[in-house]
**Student:** 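Before I ask anything, let me first share the structure, which is written out below as C-alpha cells.
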Amino acid sequence: MKMQFKFGLFFVLLAALLLGGCMAGSSEKTEKPAAGDTEENKDGDAENKELEDKVVIYSPHGKDILSDFQKQFEEEYGIKMEFLDMGSQEILDRIRSEKNNTQADVWWGAPQVNFDQAKDNDLLAEYKPSYADSLDEIYHDPDWMWSGTSMTPEVILYNSKEISKEDAPKDWDDLLDPKWKDEVIIRYPLASGTMRTIYSSMIYRTYKDSEDPAEGYEWLKKFDMNTKEYAANPEIMYNQVAKGVGSLTVWNMPDTVMLAKEKGYPFDYVLPESGTPVLTEGIAIIKDAPHPNAAEAFYEFVNTPEAAKLLAESYYRIPTRDDVTDLPEWIKEAEDKIKPMDIDWKLFQEKSDEWMDYWDNNIKNTKKDKSDEE
C-alpha cells in the first residue's frame with residue numbers, strides 16, 4: 001500500500017518560524033530540521049541542534065519495515081540511515097560488547113524486558129520524546145530510558161471452524177475445562193518469549209500476593225493435561241490449529257489477525273476477561289551514540305501518528321500512543337477490551353528462568369514434547 005504521509009512537516013514549519021530570515025542563504029546542513037524542536041516538546045531539549053550526516057539503527061523489525069522507513073526518513077531529512085537487522089537478544093549482546101566504542105545510535109524494537117536489562121547495564125541514554133503526554137505510564141520507562149512504540153496483547157486463539165464464538169473460552173481458567181482435553185496446541189514454551197510471558201503470567205497471578213509459585217504450577221499442570229502437543233515453532237503450531245489437529249492455543253493478537261487476513265486461516269481470538277499480559281515494543285537511544293541529534297530526529301520520526309498508522313495498517317502493530325486516529329477496525333474493536341495485567345516485569349526477569357525450569361522438569365508431559373520435530 002502506497003502511503004503519503006508528511007513526517008516531520010511540523011518540525012520543518014516550526015523550525016522555519018524560529019529561524020526566520022536566518023534560513024535564507026544558509027547552508028544545506030543548517031536547514032535540516034532540529035531534533036526535538038517541536039512545540040509540544042516542552043520537557044525535551046528545545047534548542048536547535050544541527051543534525052549529523054547519518055544515523056545508525058539496530059532493529060529486529062525486518063527488512064520490509066526498515067527499508068520502508070529508511071526511504072521515508074532519508075527523503076524527509078536528507079541524511080543517511082543505516083541499519084542492522086538482528087534479533088532483540090543479539091542487539092542487547094552487541095551493544096553490551098560495544099559499550100566502550102558505541103557504533104549505533106538507536107535501538108528500535110524489542111520487548112521492554114530487554115530494554116530494562118540494557119538500562120540496568122547503563123547502555124541507554126535518557127530521552128523524553130515530544131509525544132510523552134500521549135503515552136500511558138505503562139508504556140515507557142519511568143526515567144525515559146526507553147518508550148513504547150507498539151503493544152502486543154496475548155490472547156486465546158481458536159479455530160473458528162471447530163469452535164463457535166459463543167463456545168470459545170472467555171478467560172484463562174476456562175482453558176482448564178476437561179472438555180478441551182487434547183484440543184490445545186502450544187508453541188514449545190522454553191524457546192518462545194511469547195509463551196514464557198504467558199506461562200509466567202499464570203504463575204504471577206497468585207505469586208504476587210503469596211510469593212509462592214505453587215498455585216501457578218498447579219494451573220500449568222491442569223493446562224498440560226489439556227495440551228495435545230508442544231510444537232517446535234510457530235508455523236507448526238499455526239498449521240496444527242488451522243487443520244483442526246487441535247482447536248485452541250494461546251498466542252499474540254497481532255499475529256492472529258495477520259494470519260486470518262493474509263493467509264485465510266480460520267482463526268479468531270478472545271481477549272481474556274480478567275486481563276492479559278501486554279508486551280510493550282520499544283525504542284531507545286544508545287548511550288554515547290555517535291550521532292545523538294540524528295538519533296533524536298529518528299526517534300521522533302518513527303513515532304509520529306502517521307508512522308504509527310502505517311505500522312498498524314501494513315505491519316499489524318498496535319500503537320502505544322493514544323492520539324492515533326483512523327486505525328484499522330480490528331484495533332478499534334479491541335481497544336476497550338484489552339485489559340493489561342499489572343505485571344512486575346523486573347520480577348519476571350528474576351523469576352522466569354526458575355519458573356520455566358520447574359515446568360520443564362516437573363510439569364511437562366514429555367510425550368507431548370514435539371520440539372525436536374521441526
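These numbers come from the heavy atoms of this one structure, side chains and all, not from hydrogens, waters or symmetry mates. By convention here, the first residue in the shown sequence is residue 1.
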**Student:** Check the pair Asp322 / Ser134 against side-chain hydrogen bond (donor to acceptor under 3.5 Å, both in side chains), numbers first and verdict last.
**Tutor:** CA-CA 5 Å; Asp322 61 11; Ser134 68; 4.6 Å; no
**Student:** Is Thr227 close to Asn365 at the side-chain level, that is, under 4.5 Å between some pair of heavy atoms?
**Tutor:**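 They are not in side-chain contact.
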**Student:** How about Tyr230 and Asp224: does a side-chain donor come under 3.5 Å of a side-chain acceptor?
**Tutor:**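 Looking only at side-chain atoms, Asp224 and Tyr230 do form a donor-acceptor pair, the distance falling under 3.5 Å.
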**Student:** For Asp120, check salt bridge (Lys or Arg N to Asp or Glu O under 4.0 Å) against everything at least two apart and list the hits.
**Tutor:**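 In terms of salt bridge (Lys or Arg N to Asp or Glu O under 4.0 Å), with neighbours along the sequence ignored, Asp120 is linked to Lys346.
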**Student:** Heavy atoms only: give me the nearest Ser147-Tyr299 pair and the separation to one decimal.
**Tutor:**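 Looking at all heavy atoms of both residues, the closest pair is OG-OH, 2.7 Å.
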**Student:** Got Pro254 and Tyr315 here, is their nearest side-chain heavy-atom distance under 4.5 Å?
**Tutor:**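 No; the side chains remain at least 4.5 Å from each other.
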**Student:** Have Asn121 and Arg96 got a donor and an acceptor in their side chains that come within less than 3.5 Å?
**Tutor:**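 Judged by distance alone, the side chains do pair up.
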**Student:** Using a 3.5 Å cut-off and no angle test, enumerate the donor-acceptor pairs between side-chain atoms of residues 212-223 and protein atoms at least two apart in sequence or in another chain.
**Tutor:**
unit_1	atom_1	unit_2	atom_2	d
Asp212	OD1	Ala214	N	2.9
Trp219	NE1	Asp173	OD1	2.9

**Student:** side-chain contact (heavy atoms from CB on, under 4.5 Å) for Met237 and Trp251? Distances and angles first, verdict last.
**Tutor:** CA-CA 10 Å; Met237 180 188 75; Trp251 199 240; 3.6 Å; yes
**Student:** Could you check whether Lys309 pairs with Glu306 (Lys NZ or Arg NE/NH1/NH2 to Asp/Glu carboxylate O, under 4.0 Å)?
**Tutor:**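 Result for this pair is no, no salt bridge flagged.
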**Student:** Could you walk me through whether Lys165 and Asp268 pass salt bridge (charged side-chain N to carboxylate O under 4.0 Å, His left out), step by step?
**Tutor:** CA-CA 8 Å; Lys165 187 179 285 292; Asp268 203 345; 3.0 Å; yes
**Student:** Can the ring centroids of Phe115 and Trp107 be said to lie less than 6.0 angstrom from one another?
**Tutor:**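 For Phe115 and Trp107, the ring centres are under 6.0 Å apart.
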**Student:** Distance alone, cut at 3.5 Å: any donor-acceptor contact between the side chains of Asn252 and Thr152?
**Tutor:**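 Absent: no donor and acceptor within the cut-off.
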**Student:** Okay, side chain of Glu300, backbone of Ser130: is any donor-acceptor separation there less than 3.5 Å?
**Tutor:**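 Yes: the side chain of Glu300 pairs with the backbone of Ser130.
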**Student:** Step by step, work out the side-chain contact (heavy atoms from CB on, under 4.5 Å) result for Ser247 and Tyr158.
**Tutor:** CA-CA 6 Å; Ser247 55; Tyr158 64 93; 6.0 Å; no
**Student:** Can you list the steps and then say if Asp255 with Tyr316 is a side-chain hydrogen bond (donor to acceptor under 3.5 Å, both in side chains)?
**Tutor:** CA-CA 8 Å; Asp255 280 1; Tyr316 297 90; over 6 Å; no
**Student:** According to a 4.5 Å side-chain heavy-atom criterion applied to Ile, Leu, Val, Met, Phe, Trp and Tyr, with indirect links allowed, do Met145 and Phe348 form part of one hydrophobic cluster?
**Tutor:**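 In one cluster with Met145: Phe348, no.
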**Student:** Does a salt bridge link Asp105 with Lys54, judged by any charged N lying under 4.0 Å from a carboxylate O?
**Tutor:**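 Salt bridge: no.
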**Student:** Counting only N and O atoms by type, is there a donor-acceptor contact under 3.5 Å from the side chain of Thr256 to the main-chain atoms of Leu157?
**Tutor:**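 It does not hold such a pair.
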**Student:** Does Trp359 form a ring pair (Phe, Tyr, Trp, His ring centres under 6.0 Å) with Tyr199? I'd like the steps, not just the answer.
**Tutor:** CA-CA 9 Å; Trp359 172 83; Tyr199 273 33; 5.7 Å; yes
**Student:** Is the Trp355 to Tyr204 ring centre distance short of 6.0 Å?
**Tutor:**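 No: the rings miss the under 6.0 Å criterion.
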**Student:** Do Ile318 and Ile198 sit in one hydrophobic cluster, given that two such residues count as connected whenever their side-chain heavy atoms are within less than 4.5 Å of each other, even indirectly?
**Tutor:**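 Per the 4.5 Å side-chain linkage, Ile318 and Ile198 are co-clustered.
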**Student:** Would you say Asn101 and Gln103 are linked by a side-chain donor-acceptor pair, where the criterion is simply a distance under 3.5 Å?
**Tutor:**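 The answer is yes; a qualifying pair exists.
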**Student:** Hey, does Lys351 have a side-chain heavy atom less than 4.5 Å from the side chain of Ser200?
**Tutor:**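 No, their side chains stay 4.5 Å or more apart.
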**Student:** Output yes when a side-chain donor or acceptor of Ser371 lies under 3.5 Å from a complementary backbone atom of Ala232, and no otherwise.
**Tutor:**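 Absent.
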**Student:** Is there a donor-acceptor contact under 3.5 Å linking the side chains of Trp180 and Asp174?
**Tutor:**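 Checked: Trp180/Asp174 side chains show no N/O donor-acceptor pair below 3.5 Å.
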**Student:** Grouping I, L, V, M, F, W and Y whenever their side-chain heavy atoms are under 4.5 Å apart, do Val184 and Ile203 come out in a common cluster?
**Tutor:**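 Val184 and Ile203: one cluster.
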**Student:** Ring centroid separation for Trp146 and His140, is it under 6.0 angstrom?
**Tutor:**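 Judged by ring-centre distance (under 6.0 Å), Trp146 and His140 do not meet the cut-off.
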**Student:** Where is the tightest heavy-atom contact between Ala297 and Tyr77, given as atom of each residue plus distance?
**Tutor:**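 Distance-wise, the nearest heavy atoms are CB-CE2, 3.9 Å.
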**Student:** What pair of heavy atoms forms the shortest contact from Lys181 to Met225, and how long is it?
**Tutor:**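 That would be NZ-O, 3.5 Å.
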**Student:** Are Gln117 and Asn114 close enough that a side-chain donor and a side-chain acceptor fall under 3.5 Å?
**Tutor:**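 The criterion, which ignores hydrogens and geometry beyond distance, is satisfied for Asn114 and Gln117.
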**Student:** Ion pair present between Lys119 and Asp141, side-chain N to carboxylate O less than 4.0 angstrom?
**Tutor:**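 A salt bridge links Lys119 with Asp141.
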**Student:** How are the rings of Phe301 and Phe298 set to each other: parallel, tilted or perpendicular (split at 30° and 60°)?
**Tutor:**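 The rings of Phe301 and Phe298 sit tilted, inter-plane angle from 30° to 60°.
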**Student:** Under 3.5 Å, is there a donor-acceptor pair between the side chain of Glu52 and the main chain of Ala294?
**Tutor:**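 Yes, Glu52 side chain to Ala294 backbone: donor-acceptor pair under 3.5 Å.
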**Student:** Anything under 3.5 Å between a donor and an acceptor, one on a side chain of residues 275-288, the other on a protein residue two or more places apart or in another chain? List them.
**Tutor:**
unit_1	atom_1	unit_2	atom_2	d
Thr276	OG1	Glu154	O	2.5
Thr280	OG1	Gln112	OE1	3.1
Glu281	OE2	Ala110	N	3.1
Lys287	NZ	Asp122	OD1	3.2
Lys287	NZ	Asp122	OD2	2.6

**Student:** In terms of hydrophobic clustering (I, L, V, M, F, W, Y; side-chain heavy atoms under 4.5 Å; direct or indirect links), are Leu84 and Phe69 co-clustered?
**Tutor:**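 As far as the 4.5 Å side-chain criterion goes, Phe69 and Leu84 are not connected within one cluster.
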**Student:** Checking side-chain hydrogen bond (donor to acceptor under 3.5 Å, both in side chains) for the pair Tyr58/Glu98: CA distance, chi angles, key distance, verdict?
**Tutor:** CA-CA 12 Å; Tyr58 288 172; Glu98 295 175 349; 3.0 Å; yes
**Student:** Could you tell me if Tyr265 and Asn159 have a donor-acceptor pair between their side chains, going purely by distance under 3.5 Å?
**Tutor:**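 Their side chains do not contain a donor-acceptor pair, so the 3.5 Å distance test is not met.
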**Student:** Which atom pair, heavy atoms only, marks the closest approach of Ile185 to Ala231?
**Tutor:**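 The answer is CG2-CB, 4.4 Å.
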**Student:** If you round to the nearest 0.5 Å, how far is CZ of Arg196 from CE of Met356?
**Tutor:**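 The CZ atom of Arg196 is 5.5 Å from CE of Met356, to the nearest 0.5 Å.
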**Student:** Taking the side chain as every heavy atom from C-beta outward, state whether Phe73 and Val302 have any pair of such atoms under 4.5 Å apart.
**Tutor:**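 They are not in contact (no side-chain heavy atoms under 4.5 Å apart), so the answer is no.
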**Student:** Going from CG on Leu271 to CE on Met253, what distance comes out if it is rounded to the nearest 0.5 angstrom?
**Tutor:**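 Output value for this atom pair is 5.5 Å.
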**Student:** Below 4.0 angstrom, N of the basic side chain to O of the carboxylate: do Glu90 and Arg94 qualify?
**Tutor:**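 Salt bridge absent between Glu90 and Arg94.
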**Student:** So, for Ser192 and Arg187, which heavy atoms are closest and what is the spacing to 0.1 Å?
**Tutor:**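 Ser192 and Arg187 have their closest heavy atoms at CB-CG, 3.6 Å.
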**Student:** Taking a hydrophobic cluster as the set of Ile, Leu, Val, Met, Phe, Trp and Tyr residues connected by side-chain heavy atoms closer than 4.5 Å, whether directly or through intermediates, do Leu66 and Val56 fall within one such cluster?
**Tutor:**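 Leu66 and Val56: separate clusters.
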**Student:** Less than 4.0 Å between a side-chain N and a carboxylate O, is that true for Glu335 and Lys332?
**Tutor:**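 Answer for the salt bridge query: no.
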**Student:** Quick one: do Leu92 and Leu123 satisfy side-chain contact (heavy atoms from CB on, under 4.5 Å)? Show the steps, please.
**Tutor:** CA-CA 9 Å; Leu92 176 58; Leu123 299 174; 4.2 Å; yes
**Student:** At their closest point, which heavy atom of Met195 faces which heavy atom of Ile186, and how far apart are they?
**Tutor:**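 Nearest heavy atoms, Met195 then Ile186: CE-CG2, 3.8 Å.
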**Student:** Could you tell me whether Lys364 and Asp369 have a side-chain N and a carboxylate O separated by less than 4.0 Å?
**Tutor:**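 Salt bridge flag = yes for Asp369 with Lys364.
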**Student:** Show, in sequence, the C-alpha distance, side-chain angles and deciding distance for Asp53 and Lys80, and conclude whether the side-chain contact (heavy atoms from CB on, under 4.5 Å) test is met.
**Tutor:** CA-CA 6 Å; Asp53 291 333; Lys80 187 173 179 59; over 6 Å; no
**Student:** What is the distance from atom NZ of Lys179 to atom CG of Asp182, rounded to the nearest 0.5 Å?
**Tutor:**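 The CG atom of Asp182 is 15.5 Å from NZ of Lys179, to the nearest 0.5 Å.
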**Student:** Just so I know, are the side chains of Pro319 and Thr149 near enough to count as touching, which here means a heavy-atom distance under 4.5 Å?
**Tutor:**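 When only atoms from C-beta onward are counted, Thr149 and Pro319 do not touch, as no gap falls below 4.5 Å.
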